[in-house]
Amino acid sequence: MRWSVSKAKQFQRCQRQWYYKEIVGRHSAPAGSIRREVYLLGLLKSISQWRGDIVDNVLTRAFLTWHKYQVRLDPEKIIFNARRLFDEQLAVAREHHLHKPGLTPSKWENFVVFRCMEYDKSIPQDELDAAWQEIEKAIRNLFEMRSVAEAMQGANTLVAQRSLQFQHSGMNVMAKPDLVVFSEERPPVIIDWKVHAFGVQEAWLQLGIYALALSRAKPHKDFPQDCCSWAPTDVKLLEVQLLKQDLREYQLSNTDVTRLENHITTTAHEMLSAVGSVKPKHEDLIPEDFTVTRYPSTCEHCSYKRVCWEGEA
Ligand code: SF4
């Protein structure tokens, strides 16, 4: 079973939402089945999630191009690329292809489906305007933060948005840092940029898991040879709050590492206990095996409310 900071958070927020996402939804399920319906609902995004994805996408491409070809990074060009992506994906989102027969999102270059289209049949213009303004501001702010550029100086390998996995407490722990900077002279630096506000504790937890993953995961083929000889306490962690132009730096202590391991163990135990020792595909489980959130606002922003409220899964 897969564990990540966001999956553990989702489980704590609403066990049933986690159940729909992790247990019920299946891409390969037959058309019209509840598993396929739940899989499709799991593809829905809020406008604010989409805004963050666009920033991730254009920054990742820009940094990799900069590193590979040593070209100057031009924020205006990145903003231009972001606007093009914004317009192309918005056009796709307006068509709302979610219920197209045989839909395979990975075959689409710009596939996006919005929760508001599924449930309200419209996309609020004020949210779109705010999303674009924040994308532009996030990109401009990043290029005014000298400390981020300094962290990348001397990089001999730059790795962006790559999945890192290791085993802990019976779980496959997954992490995907925005950027890992490897240099010959110093330990790796992990940079994570955020468009939305994160609490210090939450960001520390996420970056800390990234550091654990970097030191324990099987390295990808293009990682430097000595990439994973560093301890998690060696790795420098930078959280970049793009809208606030704020940079937080973390470095783990041995006590922090133990706290992080304990967090994985505790939350993993809760997830595994909720599932129990049932058949491999958990077919015996029913929604009522999983408690629901106590907060109505969580339901308001939940992609699964149709099946949850109608009791179809
Ligand atoms: S609709 Fe509410 S209770 Fe149901 S899965 Fe979503 S968040 Fe949980």
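FYI, the numbering just counts along the sequence from 1. From a predicted model like this one, the values you see are computed outputs, not experimental measurements. Basis for what follows: all heavy atoms, side chains included, without hydrogens, waters or symmetry-related copies.
No side-chain donor-acceptor contact under 3.5 Å links D87 to the backbone of R84. Put simply, the side chain of N81 never gets that close to the backbone of V58: no donor and acceptor are under 3.5 Å apart.
Interatomic distance, D192 CG to E239 CD, rounded to the nearest 0.5 Å: 7.5 Å. Here the NZ atom belonging to K45 is positioned 15.5 Å from the CE atom belonging to M117, to the nearest 0.5 angstrom. Taken from CZ in R16 to CD in Q10, the straight-line distance is 13.5 Å, to the nearest 0.5 Å. Interatomic distance, K9 NZ to T267 OG1, rounded to the nearest 0.5 Å: 13.5 Å. Here the CD-CG distance, from Q161 to L59, works out to 9.5 Å after rounding to the nearest 0.5 Å. Once rounded to the nearest 0.5 Å, the distance linking CH2 of W66 with CG of L158 reads 6.0 Å.
Taking H220 as the reference, F223 meet the ring-ring contact (aromatic ring centres under 6.0 Å, His included) condition, with sequence neighbours excluded. By the ring-ring contact (aromatic ring centres under 6.0 Å, His included) test, H27 pairs with Y39, sequence neighbours left out. Considering only residues two or more places apart in sequence or on other chains, W18 meets the ring-ring contact (aromatic ring centres under 6.0 Å, His included) condition with F11. Contacts of S6 classified as side chain to side chain donor-acceptor pair (under 3.5 Å), with partners at least two apart in sequence or in another chain: S4. Judged as a side chain to side chain donor-acceptor pair (under 3.5 Å), and not counting sequence neighbours, H67 has no contacts. A search for side chain to side chain donor-acceptor pair (under 3.5 Å) contacts involving Q165 returns N172, not counting sequence neighbours. Partners of E261 according to the salt bridge (Lys or Arg N to Asp or Glu O under 4.0 Å) rule, which considers only residues two or more places apart in sequence or in another chain, are R216. For E300, the side chain to side chain donor-acceptor pair (under 3.5 Å) test picks out no residue, with sequence neighbours left out. Legend: residues meeting ring-ring contact (aromatic ring centres under 6.0 Å, His included) with F111, ordered by chain and number and at least two apart, are W108.
For the side-chain hydrogen bond (donor to acceptor under 3.5 Å, both in side chains) condition, no pair includes a residue of residues 149-159, sequence neighbours left out. Sequence neighbours left out, not one pair with a member in residues 90-115 passes salt bridge (Lys or Arg N to Asp or Glu O under 4.0 Å).
Using a 4.5 Å cut-off between side-chain heavy atoms of Ile, Leu, Val, Met, Phe, Trp and Tyr, with links allowed through other members, L285 and L41 fall into the same hydrophobic cluster. Both M1 and Y20 are members of a single hydrophobic cluster when ILVMFWY side chains are connected at heavy-atom separations under 4.5 Å. Both I34 and L40 sit in one connected hydrophobic cluster of ILVMFWY residues. Membership requires side-chain heavy atoms under 4.5 Å apart, directly or through other members.
Counting only heavy atoms from C-beta outward, the side chains of I54 and Q89 approach each other to under 4.5 Å.
Shortest non-hydrogen contact noted between W204 and Y250 is CD1-CD2, 3.7 Å. Minimum heavy-atom separation, S215 to A231: CB-C, 4.3 Å. The two residues I78 and A62 have their closest heavy-atom pair at CD1-CB, 3.6 Å.
The hydrophobic cluster around V292 extends to none of the other residues, as no ILVMFWY side-chain heavy atom falls under 4.5 Å of it.
Judged by distance alone, the side chains of D129 and Q125 do bring a donor and an acceptor atom under 3.5 Å apart. In this model, no donor atom of one side chain and acceptor atom of the other lie less than 3.5 Å apart for H99 and E37. With 3.5 Å as the limit, one finds no donor-acceptor pair spanning the side chains of Q17 and K305. Between the side chains of T265 and H168, at least one donor-acceptor pair of N or O atoms lies under 3.5 Å. Remark: the S33 side chain and the R36 side chain contain no N/O donor-acceptor pair separated by less than 3.5 Å.
With salt bridges taken as basic N to acidic carboxylate O contacts below 4.0 Å, none links E144 and R140. Electrostatic pairing of D56 and R61 does not count as a salt bridge here, judged by no charged N lying under 4.0 Å from a carboxylate O.
Y295 does not carry R13 over the face of its six-membered ring by the limits of under 6.0 Å from the centre and within 45° of the normal.
F86 and W50 have their aromatic ring centers within a separation under 6.0 angstrom.
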